[in-house]
Amino acid sequence: MKQPAVSVWFAHRFLRDNATSRSATSTKRDLKLGAAALIAAALFHGGAFAQNAKGSADHIRAATGAIDSAAIIANAKTTNDWPSYGLDYAETRFSKLDRINVDNVKQLGLQWSYSLGSDRGVEATPVVVDGIMYVTASWSVVHAVDTRTGKKLWTYDPGVDRSKGYRGCCDVVNRGVALYKGKVFVGAYDGRLVALDAATGKVVWEKDTVIDHGYSYTITGAPRVFNGKVVIGNGGAEYGARGYVTAYDAETGNQAWRWFTVPGDPSKPFEDASMEAAAKTWDPAGKWWVNGGGGTAWDSITFDPDLNMVYIGTGNGSPWARHLRSPAGGDNLYLGSIVALNADTGKYVWHYQETPGDNWDYTSTQPMILADLTIDGQPRKVVLHAPKNGFFFVIDRTNGKFISAKNFVEVNWATGYDANGRPIENPEARDPTKSFDSIPGPYGAHNWHPMSFNPQTGLVYLPAQGVPINLTGEKALTQNKMEPFKFGSTTGWNVGFTLNAVPPKNLPFGRLLAWDPVQQKEVWRAEYVAPWNGGTLTTAGNLVFQGTADGRFVAYNAKTGEKLWESPLGTGAVAAPATYMVDGVQYVSIAVGWGGVFGISQRATEKEAPGTVYTFAVGGKAPMPEFTKYQMGNLLTGIEYDPKDVPEGTAIYVAACATCHGVPGVDRGGNVKNLGYTSTENIAHLKDIVFKGPYRDKGMPDFTGKLTEADVVKIQAFIQGTADAIRPKK
Ligand SMILES: O=C(O)c1cc(C(=O)O)c2c(n1)C(=O)C(=O)c1cc(C(=O)O)[nH]c1-2
Ligand SMILES: [Ca+2]
């Protein structure tokens, strides 16, 4: 294909920029600027640039080398590129592109598909600059793709030890990269932050972000980059960990600042005044620092160029149970909070705690959106936020003051928020002597799946859900010790609750909500067959795009919620789509790969497909890849067992197997098999799989030293016993 010369390329960009511009005067000004830029670029680059064929290393260097904070801010005016996780620093996921719109969306067709070659969860939003796409798959593998052809430019695998997948709670996922001055930044699952050359995929620098490898720290989130700094947090609060975020110099990888989210051992000096203040809200009788306290910042980190602040969404308590973590109570700052830090220094500025004294895994790590709204006649700079706890928050981001909160799903842990922004709690919700059907449960009313905000409709498009879980408080806490019935304890889970000792009575659901953040009310909804639907994208074409748990890519009218178009995706989608312009054409891309904490063990599709990026355009005619039928297998038969082993087998299974394999015979298997439907041969030879087994390169831990052969016999009894118990009687 003949490549257009630089002037043509610039003219293209300039023309399409103006095509989406609304005001005549600004168009005229842009026209002048555009012409000047064109001449300057031609003079400056001479002929050299013209030879940079699109997709060549020189072209990638030029295109990505120009991405800095100013470029990300400038791009927000046109949104021709998708240069950072949430599109712009405000993380709106609102594209001003309208070539694809309510009138022609029905003509969307596949342009190309690209296999990510992965079989675990894919959660990344692609980042795209002048047609060069960076997207991550499971195990933090980065793919650079030429969107003009749909072909691979390079891949980078950080080489995470696959047998250590159990060191994160919720699948071996990654939510994407950050791009800055010719470098691609990715957080590897094992806690390294890696800077790659955007043109070649070669490592430029690498830093271990983990402060203590004795704890199960991971990285799953996308780094945020601004003003020469790249910021990342860690996961680990289901395992006993202390949260923190770290800023590194984007050029060198040298640490610029670090801020801890919860206080450490109070007998040692506090890192800063914010830690000293926070320690007053914890009870030392709980020795929280031994288990880290939690507050891990594993997803949302949002930079605000207007106020030069960075907002951190902090995670749940570790353990979840406050009665064990901080027996006398207390808010346990800064769990379940939005915290504003000075972007240059990492110094604390303000916080707003959405869930004081978290007790339910109510993370506030969910993606934030920065918006300027008129509320009660006043212009306000706000953060829009829908954390796990089921309330939609509007917070003043200049000072952290509470504006409003309203539940967006049914909740039972609190009845609302008072004028000071304190939840009005239901006392039963944290009674450690009773079992509680927590609504929302630990999967959250909204998890990491990004929401979007369309200023034209004034609506936020929010993937909401319910996954029933019953919580029974434990009496005592032990760290990293396998205990019967203690969920995941063999691989380090330590949450202080027994899950589903009493079967939950509420029902699962998943829905897309169009939410008015000013009125704090639902405007329309789309109901789904299951929870765990994808993140959203909204556009000036009056559209909302979302992938679904049941394997569809759907476009709605953003104003009315009318479904306008859908395409099958082969498997459930959890990530959010991105849209961008290349050579005058608008594309929509979505990275698909069923997984995440719900998708490891459960599913809503009959088909399966490897991790794949699908790219759509009006008139696209590429054939969809063949999807294969999901081979669930038959309900297990033929394992001999002693029924007396079943109760103990249950307890060991819950401690060692349930986090990934779900309930045998009841769940249908997610991206990890359900053991009630796996082959008789596998279960008969279970010990050969459990100890130094063949699936270690797929993420199966080696249970040597953690389980005994006698334990495995009991697990076999539980699996076959459960299969027999649920088999329909003839
Ligand atoms: O407390 C933590 O450190 C932590 C980390 C992560 C993660 O890094 O993925 C998740 C969670 N918690 C969590 O509570 C949760 O629901 C969750 C879902 C997912 C996912 O990717 O599907 N990750 C996480
Ligand atoms: Ca968590």
Side-chain angles (χ1 to χ4, degrees), residues 76 79 82-95 121-128 135-136 170 173-178 187 220-224 233 297-303 311-313 315 338 363-371 383-388 392-393 408 443-455 459-465 510-515 517 526 528 531-539 543-549 553-554 556 558 572-580 588-593 595-599 613:
T79 62
W82 191 288
S84 72
Y85 182 67
L87 171 61
D88 43 35
Y89 278 134
E91 314 269 338
T92 60
R93 295 171 183 270
F94 167 68
S95 172
V122 174
E123 297 189 348
T125 309
V127 163
V128 185
V135 60
T136 59
C170 300
V173 291
N174 185 279
R175 298 186 196 92
V177 303
T220 58
R224 296 301 193 285
W298 54 270
D299 194 43
S300 187
I301 298 169
T302 307
F303 172 58
Y311 309 114
I312 311 296
I338 296 177
T363 68
S364 287
T365 56
Q366 284 52 45
M368 299 167 212
I369 293 176
L370 311 185
V383 179
L384 306 177
H385 202 220
K388 272 190 184 177
F392 193 99
F393 290 86
F408 58 91
Y443 287 83
H446 171 222
N447 208 307
W448 59 270
H449 315 80
M451 57 188 197
S452 55
F453 172 61
N454 187 327
L459 301 177
V460 171
Y461 303 97
L462 162 63
Q465 61 177 17
R511 65 179 69 119
L512 170 62
L513 294 181
W515 186 267
Y528 293 128
W532 214 246
N533 298 284
T536 69
L537 157 70
T538 185
T539 76
L543 293 170
V544 180
F545 288 93
Q546 187 186 24
T548 64
F553 191 32
V554 188
Y556 300 93
V574 291
T579 188
Y580 49 90
V588 182
S589 294
I590 180 167
V592 178
V597 66
F598 182 82
V613 179

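As a basis for the values below, the full set of heavy atoms in this structure was taken, side chains included, without hydrogen atoms, waters or symmetry mates.
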Any idea which heavy atoms bring [X] and [Y] closest together, and the distance?
| X | Y | value |
| --- | --- | --- |
| N533 | G510 | ND2-CA, 3.9 Å |
| A464 | L513 | CB-CD1, 3.8 Å |
| A591 | V122 | CB-CG1, 3.7 Å |
| A124 | V135 | CB-CG2, 4.1 Å |
| T125 | P577 | CG2-O, 4.0 Å |
| A178 | P223 | CB-O, 3.4 Å |

Check whether any side-chain heavy atom of [X] lies under 4.5 Å from a side-chain heavy atom of [Y], and answer yes or no.
| X | Y | value |
| --- | --- | --- |
| L537 | T539 | yes |
| F392 | H446 | no |
| P531 | F598 | yes |
| F393 | I338 | no |

Has the side chain of [X] got a donor or acceptor atom that lies under 3.5 Å from a matching backbone atom of [Y]?
| X | Y | result |
| --- | --- | --- |
| N174 | G187 | yes |
| Q465 | W532 | yes |
| T536 | Q546 | no |
| T538 | L543 | yes |
| H449 | P463 | no |
| S95 | T579 | no |
| N447 | K388 | no |
| W448 | P450 | no |

How long is the gap from [atom1] on [X] to [atom2] on [Y], to the nearest 0.5 Å?
| X | Y | atom1 | atom2 | result |
| --- | --- | --- | --- | --- |
| M451 | L459 | CE | CG | 12.5 Å |
| W515 | L462 | CH2 | CG | 8.5 Å |
| Y311 | T302 | OH | OG1 | 9.0 Å |
| F553 | I590 | CZ | CD1 | 4.5 Å |
| N454 | R93 | CG | CZ | 14.5 Å |
| F545 | L512 | CZ | CG | 13.0 Å |

Quick one: do S589 and Y580 satisfy side-chain contact (heavy atoms from CB on, under 4.5 Å)? Show the steps, please.
CA-CA 9 Å; S589 294; Y580 49 90; 2.6 Å; yes
Checking Y461 now: which residues fulfil ring pair (Phe, Tyr, Trp, His ring centres under 6.0 Å) with it, not counting sequence neighbours?
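For Y461, the residues satisfying ring pair (Phe, Tyr, Trp, His ring centres under 6.0 Å) (neighbours in sequence not counted) are W524.
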What residues, two or more places apart in sequence or in another chain, satisfy side chain to side chain donor-acceptor pair (under 3.5 Å) together with H385?
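So H385 forms a side chain to side chain donor-acceptor pair (under 3.5 Å) with E354.
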Could you pull out all residues at least two apart from D299 that satisfy salt bridge (Lys or Arg N to Asp or Glu O under 4.0 Å)?
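Applying salt bridge (Lys or Arg N to Asp or Glu O under 4.0 Å) to D299 gives R175.
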Verify whether the ring centers belonging to F94 and F453 lie closer than 6.0 Å.
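Centroid separation for F94 and F453: 6.0 Å or greater.
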